[in-house]
Amino acid sequence: MHNILVTGGAGFIGSNFINKLLKDRDDVSLVNLDKLTYAGNLENLKESETNSRYQFVKGDICNSELVDYIIKKYNIKHVINFAAESHVDRSILGSQIFYQTNVIGTNVLLEVSRRNDIEKFVQVSTDEVYGSLGPDGYFTESTPISPNSPYSSSKAGADMMVQAFHHTYGMNVCITRCSNNYGPLQFPEKLIPLMIINALNNKQLPVYGDGLNVRDWIFVHDHNKAIEMVWEKGKPGEVYNIGSNNEKKNIEIVKLILQYLGKGEDLIKYVKDRPGHDRRYAIDSSKITAELGWQPLKTFETGIAETIDWYLANKNWWERIISGEYENYYQNLYGSR
Ligand code: NAD
Ligand code: DAU
């Protein structure tokens, strides 16, 4: 049995990871440490909560005593760190919690892992650490780090630290850098779920700037399969880019969602641009394909239809979210535009 500490497992990507891994394999036992911030939701883990190989602990990755206790109590040998403040717009409104969780929290996990001889540490990072691309080219693992937002700089800081712990202490670490995820259970502050839900509610769809920024979209299960493979087979100290060769302009995504839902384009509202908005992300994932044999399986056409259908079928899930704290956040953020 592989005993794994998964952090941030009540969020979008982490909960999909836990639900799928427990379903797919019987040789893993998972402890999920999550602070349950606004983005953490135990409802995401309904299908896993009664599994005897799953345990939830509410707590902060910055709490080293708690992390040490969990690692010892559950005989943890592997750590996969999903926990983070993950939303760029929030990092622009207030950056401190981003550095606290994403940098200090990762430092705590690394220190405690090192003292407890953890066999493998996987840091779930992002392509945003590379900064922004012009109209051509791709991020490779040797693209210089050049983050532009408080969020991406905090993730870049964590990445540097993870590499330093490999270099200095010989820890067996890997870093994954993935592009924009979409799929079920994504918190409705991110582009795709926000646009689906606003369209369903006949609310305006706020498109930043000229809507021509490009993101490289990947279905969440494809990302998680890559993380599983990196955990099992990734070489010590290595970085693996993960992407799906699926570049889309934001406005294309928005129009596609409106079309799928049978709504008019008059709902689109161009708003003031995000400060420091990265123009284009595009990932070269040939390394993980060549070294580990990973490939994305989901086409965007299928994945986006499944995702919109999921939000249609799970109104209760998102209605509870938007009727609470998120609504205030939304008004504060866009009220002035
Ligand atoms: P999310 O915001 O949906 O979830 C984050 C989770 O971390 C939440 O459950 C939250 O409660 C938890 N958390 C936050 N602070 C914590 C703390 N101090 N201690 C313990 N738990 C804490 O994020 P997501 O979209 O699922 O992203 C997961 C990871 O993947 C992040 O590290 C993010 O940087 C990375 N990533 C995300 C994307 C994407 O498109 N969403 C792409 C590439 C990489
Ligand atoms: O690339 C990976 C990153 O993708 C992850 O590391 C981050 O955690 C994740 O949040 C995501 O970052 P982005 O900033 O690219 O995602 P977001 O969904 O916030 O925005 C996607 C694009 O859509 C971006 O160009 C900004 C634009 N946008 C976003 C929102 C929320 C709009 O035009 N309107 C909006 O209301």
Side-chain angles (χ1 to χ4, degrees), residues 6-17 32-42 44-45 57-63 66-67 80-92 97-98 100-102 104-106 108-109 123-130 132 139 147-149 151-152 154-155 158 176-183 185-195 198 204-218 220 223-224 227 242-243 248-251 253-254 268-274 277-283 330 333-334 337:
V6 174
T7 67
F12 162 49
I13 304 175
S15 60
N16 275 294
F17 181 81
N32 173 15
L33 171 62
D34 196 297
K35 189 177 161 185
L36 298 182
T37 68
Y38 76 93
N41 185 351
L42 288 181
N44 298 356
L45 293 150
V57 179
K58 180 172 185 230
D60 194 327
I61 58 166
C62 300
N63 182 341
L66 177 62
V67 175
I80 305 181
N81 182 26
F82 291 90
E85 288 294 333
S86 69
H87 194 44
V88 173
D89 292 326
R90 283 181 190 254
S91 81
I92 295 168
I97 188 67
F98 282 75
Q100 179 65 28
T101 287
N102 301 359
I104 304 296
T106 303
V108 166
L109 291 174
Q123 173 70 2
V124 180
S125 187
T126 168
D127 62 352
E128 296 202 18
V129 300
Y130 296 121
S132 185
F139 296 133
N148 289 319
S149 71
Y151 163 69
S152 55
S154 70
K155 294 294 289 187
T176 60
R177 294 192 180 135
C178 188
S179 58
N180 287 60
N181 284 221
Y182 70 100
L185 301 172
Q186 186 166 34
F187 192 84
E189 63 188 350
K190 307 291 195 309
L191 180 76
I192 288 181
L194 178 78
M195 297 298 165
N198 279 16
Q204 288 182 325
L205 276 54
V207 173
Y208 298 165
D210 60 9
L212 300 180
N213 299 64
V214 172
R215 296 293 182 266
D216 185 354
W217 295 93
I218 183 171
V220 64
H223 179 195
N224 280 334
I227 292 172
I242 303 164
K248 296 264 183 272
K249 297 182 185 77
N250 293 338
I251 193 66
I253 303 263
V254 170
I268 295 172
K269 181 170 188 228
Y270 287 92
V271 297
K272 207 169 114 195
D273 209 354
R274 172 186 279 175
H277 198 174
D278 287 336
R279 192 64 171 167
R280 175 172 166 260
Y281 303 146
I283 276 274
Y330 182 82
L333 190 61
Y334 301 110
R337 295 181 187 208

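In each ligand, atom 1 is the first atom listed, and ligand 1 is the first ligand listed. When a residue number appears, it is its place in the shown sequence, counting from 1. Scope of the values below: all heavy atoms of this structure, side chains included, with no hydrogens, waters or symmetry mates.
Between S86 and K190, the shortest heavy-atom distance links the atoms OG-NZ, 3.0 Å. Shortest non-hydrogen contact noted between R177 and I283 is O-CD1, 3.8 Å. Residues L194 and P206 approach most closely at CD2-CG, 4.2 Å, considering heavy atoms.
Between P206 and ligand 2, at least one pair of N/O atoms sits closer than 3.5 Å. For ligand 2, one of its N or O atoms has an N or O atom of D127 under 3.5 Å away. By the 3.5 Å distance cut-off applied to N or O atoms, T101 is counted among the residues near ligand 1. Between L191 and ligand 2, an N or O atom pair is found at a separation short of 3.5 Å. In terms of N/O distances under 3.5 Å, ligand 1 is approached by G11. Remark: ligand 1 and F12 share an N or O pair separated by less than 3.5 Å (distance only, no angle test). At a 3.5 angstrom cut-off on N or O pairs, D60 counts as close to ligand 1. Between N180 and ligand 1, not a single N/O pair is under 3.5 Å apart. Residue contacts with ligand 2: S86 is placed with a nitrogen or oxygen under 3.5 Å of a nitrogen or oxygen of the ligand (distance criterion only). The distance criterion of under 3.5 Å between nitrogen or oxygen atoms is not met by N41 with respect to ligand 1. The shortest N or O to N or O distance between R274 and ligand 2 is below 3.5 Å. The shortest N/O to N/O separation between K190 and ligand 1 does not fall below 3.5 Å. Looking at ligand 1, you'll find an N or O of I61 within less than 3.5 Å of one of its N or O atoms. Ligand 1 has an N or O atom lying under 3.5 Å from an N or O atom of K35, backbone or side chain. Note: an N/O pair closer than 3.5 Å links K155 and ligand 1 by distance alone.
Under the 3.5 Å distance criterion, the side-chain polar atoms of S15 are matched with a main-chain donor or acceptor of F12. Without hydrogens or angle criteria, N198 side chain to Q204 main chain gives a donor-acceptor distance under 3.5 Å. Proximity of a side-chain donor or acceptor of D216 to a complementary backbone N or O of S179 within less than 3.5 Å is not detected.
Residue E128 holds the heavy atom nearest to atom 3 (C) of ligand 2 of all those in E128, R90, R215. Relative to atom 32 (C) of ligand 2, the option among Y208, Y130, W217, Y281 with the closest non-hydrogen atom is Y208. For atom 44 (C) of ligand 1, the choice among C178, S125, S152 with the nearest heavy atom turns out to be S125. The residue from G40, G14, G9, S86 that puts a heavy atom closest to atom 1 (P) of ligand 1 is S86.
When only non-hydrogen protein atoms are considered, atom 30 (O) of ligand 1 lies nearest to V124 CG1, 3.5 Å. In terms of protein heavy-atom proximity, atom 33 (C) of ligand 1 is closest to Y151 OH, 3.6 Å. Atom 27 (O) of ligand 1 has its closest protein heavy atom at I13 CD1, 3.7 Å. Ranking the protein heavy atoms by distance from atom 6 (C) of ligand 1 puts G8 O, 3.7 Å first.
Ligand 2 places these atoms under 4.0 Å from at least one heavy atom of T126: 1 (O), 2 (C), 3 (C), 5 (C), 6 (O). Within ligand 2, counting atoms from 1 as listed, the ones closer than 4.0 Å to a heavy atom of E189 are 31 (C). Within ligand 2, counting atoms from 1 as listed, the ones closer than 4.0 Å to a heavy atom of Y151 are 5 (C), 6 (O), 7 (C), 8 (O). Each of the following atoms of ligand 2 lies closer than 4.0 Å to a heavy atom of V207: 33 (O). Ligand 2 places these atoms under 4.0 Å from at least one heavy atom of H87: 19 (O). In summary, the atoms of ligand 2 found under 4.0 Å from a heavy atom of L194, numbered by their order in the structure, are 36 (O).
Under 3.5 Å, the side chains of N81 and T7 contain a donor-acceptor pair of N or O atoms. Side-chain contact, Y151 with E85: no donor N or O sits under 3.5 Å from an acceptor N or O.
Cation-pi geometry between R90 and Y38 is met: under 6.0 angstrom from the ring centre, within 45 degrees of the axis.
A salt bridge links R279 and D210; the closest N-O separation between the charged side-chain nitrogens and carboxylate oxygens is under 4.0 Å.
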